[in-house]
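Letters go in sequence order (proteins before strands), and every chain restarts at 1. Keep in mind that this is a model prediction, so the values were computed, not measured.
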2 protein chains.
Amino acid sequence: MERDEALKLENQICFAIYACAREITKLYHPVLKELGLTYTQYIAMLALWERDRVTVKELGERLYLDSGTLTPLLKKLESLGYVLRARDRSDERQLLIEVTEAGRALKEKAFDVPEKVFCRTGLPTGELVEIREKMTELIRSIHPAEQTPASPH
Amino acid sequence: MERDEALKLENQICFAIYACAREITKLYHPVLKELGLTYTQYIAMLALWERDRVTVKELGERLYLDSGTLTPLLKKLESLGYVLRARDRSDERQLLIEVTEAGRALKEKAFDVPEKVFCRTGLPTGELVEIREKMTELIRSIHPAEQTPASPH
DNA sequence: CTTGATTCAATTGTACACAATTTAATGGTT
DNA sequence: AACCATTAAATTGTGTACAATTGAATCAAG
C-alpha cells in the first residue's frame with residue numbers, strides 16, 4: 001500500500017470496528033433505558049444470567065474488563081438490587097457475585113432486547129452471524145492466552 | 001432462536017464488536033505511547049492529516065464523535081502543539097482546526113504505526129480487509145443519514 | 001512458623017463517550 | 001431594528017475504560 005494510503009481513516013480496520021462498536025451501543029441505549037441499565041451493565045448481566053456465583057476475575061476474563069471497570073459497575077448493580085457482592089469464605093481475597101431474585105426477574109424483561117435492537121440495523125441475520133464469527137476469530141487471534149475453559153464446579 | 005440462546009453472551013454480535021474494539025485499542029497503546037498519543041487522539045490526527053481546516057462539527061461527523069468528546073480532546077492536541085483552534089472569522093460559532101508544523105512532523109513518525117500493530121494480530125491482510133468492509137457496511141446500515149459527501153472547497 | 005512472592009479486588013489518576021443543557025452567534029421574519 | 005428559531009461549540013454530569021499502584025489474604029518454601 002502507498003505511504004499515505006496506510007494512514008487514511010477509511011483504510012483503518014481499527015477505526016471501522018471502533019466506530020461500529022459505538023454506533024451499536026447508541027442503538028441499544030433507548031432500548032436499555034426501559035430496563036434502567038447502561039450498555040456495560042447489560043453485558044455484565046448477560047454474563048451473570050448465564051453463569052452465577054463467579055469472582056470478579058472470572059467475570060473480567062469473560063468480558064475482557066478489569067477490576068478498575070468492574071468494581072464500580074458491580075457496586076452500581078448491587079445498589080440497583082440486581083446482584084449481591086460477598087467475599088468468598090474460603091478465600092477472602094475473592095469476591096463472589098450472585099444474581100438476586102430481582103436480577104432474575106429483570107431477565108424476563110430483557111428477552112426482547114436483541115430483536116428490538118436488530119430490527120433497527122436492517123441487515124439480514126446471516127450477514128450478522130458472519131460478522132460475529134469474524135469478530136470472535138479476530139479477538140481470539142489478538143488474545144491467544146485464552147485457555148481457561150471455565151472448569152465445571 | 002431459543003429464548004435463552006438469544007441472551008447468551010457468545011451470540012451477541014454487539015459484544016463481539018465491543019470487545020474486539022477494546023482489544024484492538026489495547027494493541028495500539030504501546031505503539032502510540034512512542035508518539036505520545038492516545039488512541040482517540042491518533043484517530044483524530046488521522047482525520048486531520050487527511051483534511052485540514054475543518055470545523056468541530058465536520059470532524060465529529062467523520063469520527064462519529066460529538067463536541068463533548070472532541071472539545072477536550074482538541075484542547076489537549078492544541079496543548080501538545082499539534083493543532084491550532086481558531087474561530088471562523090466569517091462565522092464565529094464555528095471553530096476551525098488546523099494542523100501545525102509539529103503536527104505534520106508527527107505524521108512522519110506515524111507511518112509505521114499500522115504495520116507495527118497488525119503484525120501483532122497474526123491474521124492475513126485479506127481477512128482484515130474483508131472485516132473492515134463488513135464493519136463499514138454495518139455502520140452505513142445503522143447510520144443511514146450519511147449523505148454529506150464532503151463538498152470540495 | 002515466619003518470610004517472601006503471588007494473587008485478587010480496590011483505588012487512583014487520566015482520558016474518553018455521550019445525553020442533556022447552556023451560551024453565543026447567525027438567519028429569517030416582520 | 002426587534003424577535004424568534006436555528007446552529008455550533010462548550011459545559012455539566014454520569015458512566016465507563018484502563019494503566020498503575022495499593023493493601024489484604026494466601027501460598028510456598030525453608
Side-chain angles (χ1 to χ4, degrees), chain A residues 14-15 18-33 36-45 54-61 63-80 83 85-97 143 148, chain B residues 14-15 18-33 36-45 54-61 63-80 83 85-97 143 148:
Chain A
C14 66
F15 175 68
Y18 157 76
C20 199
R22 286 185 292 110
E23 288 304 306
I24 289 182
T25 304
K26 287 179 201 170
L27 228 49
Y28 273 87
H29 189 264
V31 179
L32 293 179
K33 202 172 181 178
L37 292 180
T38 66
Y39 178 73
T40 313
Q41 289 163 8
Y42 169 70
I43 288 295
M45 289 307 296
V54 292
T55 65
V56 173
K57 180 183 163 66
E58 280 175 72
L59 187 60
E61 283 169 355
L63 301 175
Y64 305 91
L65 290 170
D66 70 3
S67 67
T69 303
L70 286 176
T71 295
L73 186 141
L74 291 168
K75 283 182 178 173
K76 179 68 184 182
L77 287 175
E78 184 179 45
S79 79
L80 292 171
V83 304
R85 299 163 65 250
R87 291 281 162 185
D88 184 345
R89 287 280 181 77
S90 65
D91 185 346
E92 293 277 347
R93 288 172 306 181
Q94 300 186 150
L95 189 74
L96 290 176
I97 313 299
H143 216 92
T148 322
Chain B
C14 66
F15 175 68
Y18 158 75
C20 198
R22 286 184 292 110
E23 288 304 304
I24 290 181
T25 303
K26 287 179 200 168
L27 227 49
Y28 273 87
H29 189 263
V31 179
L32 292 179
K33 203 172 182 179
L37 292 181
T38 65
Y39 179 74
T40 314
Q41 288 164 10
Y42 169 70
I43 289 295
M45 288 306 297
V54 291
T55 64
V56 172
K57 180 182 163 65
E58 279 175 71
L59 187 61
E61 283 170 355
L63 301 175
Y64 305 91
L65 290 171
D66 69 4
S67 66
T69 303
L70 286 175
T71 295
L73 187 140
L74 291 168
K75 282 181 178 173
K76 179 70 181 181
L77 288 175
E78 184 180 45
S79 79
L80 293 170
V83 304
R85 300 163 65 250
R87 291 283 162 182
D88 184 344
R89 289 281 181 76
S90 65
D91 184 347
E92 292 278 345
R93 288 173 305 181
Q94 299 186 147
L95 190 73
L96 290 175
I97 313 299
H143 215 93
T148 323

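- Taking five base pairs at each end of the helix from C:dC1-D:dG30 to C:dT30-D:dA1 and finding the rotation axis that steps the C1' atoms of four pairs onto the next four gives two axes whose angle is 0°, to the nearest 10°.
- The phosphate of C:dA10 has OP1 or OP2 within less than 4.0 Å of a side-chain N or O from A:Arg87.
- Bracketed by its first and final contacts, the part of DNA chain D lying under 4.0 Å from non-hydrogen atoms of chain B reaches from D:dT7 to D:dA20 in 5' to 3' order.
- Between A:Gln94 atom CD and C:dT7 atom P the separation is 12 Å, expressed in whole Å.
- Residues B:Thr55 and B:Asp91 fail the side-chain proximity criterion, which asks for heavy atoms closer than 4.5 Å.
- With C:dA25, C:dC18, C:dT6 as the candidates, the nucleotide lying closest to the side chain of A:Arg22 is C:dC18.
- Distance from the side chain of B:Glu92 is smallest for C:dT26 among the nucleotides C:dA9, C:dT26, C:dC16.
- The structure places CG of A:Leu73 at 8.0 Å from CG of A:Leu65, a figure rounded to the nearest 0.5 Å.
- Phosphate contact (OP1/OP2 of C:dA20, side-chain N/O of A:Lys33, threshold under 4.0 Å): present.
- Rounded to the nearest 0.5 angstrom, A:Tyr42 OH and A:Leu37 CG are separated by 9.5 Å.
- In this entry the distance linking CG of A:Asp91 with P of C:dT6 reads 17 Å, nearest Å.
- Residue A:Leu74 contributes atom CG, which lies 12 Å from atom C1' of C:dA10 at whole-angstrom precision.
- Atom C1' of nucleotide C:dG13 and atom NZ of B:Lys76 are separated by 12 Å, given to the nearest angstrom.
- Picking from C:dA10, C:dC18, C:dC16 the nucleotide with the shortest atom distance to the side chain of B:Thr40 gives C:dC16.
- Of the candidate nucleotides C:dA19, C:dA10, C:dT11, C:dA19 has the atom lying nearest to any side-chain atom of B:Asp66.
- B:Arg87 is not listed as a side-chain neighbour of B:Leu96, based on a closest heavy-atom distance of 4.5 Å or more.
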Let me check something: any side-chain donor-acceptor pairs from residues 18-26 of chain B under 3.5 Å, sequence neighbours excluded? List them with distances.
from	atom 1	to	atom 2	distance (Å)
B:Arg22	NH1	A:Tyr64	O	2.7
B:Arg22	NH2	A:Leu63	O	2.9
B:Glu23	OE1	A:His143	ND1	2.7
B:Glu23	OE2	B:Lys26	NZ	3.1
B:Thr25	OG1	B:Ala21	O	2.8

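- Contact annotation for B:Thr55: backbone-only contact, meaning every heavy-atom pair under 4.0 Å involves sugar-phosphate atoms and none involves a base.
- Counting any heavy atom pair closer than 4.0 Å across all strands shown, A:Thr69 reaches a base atom.
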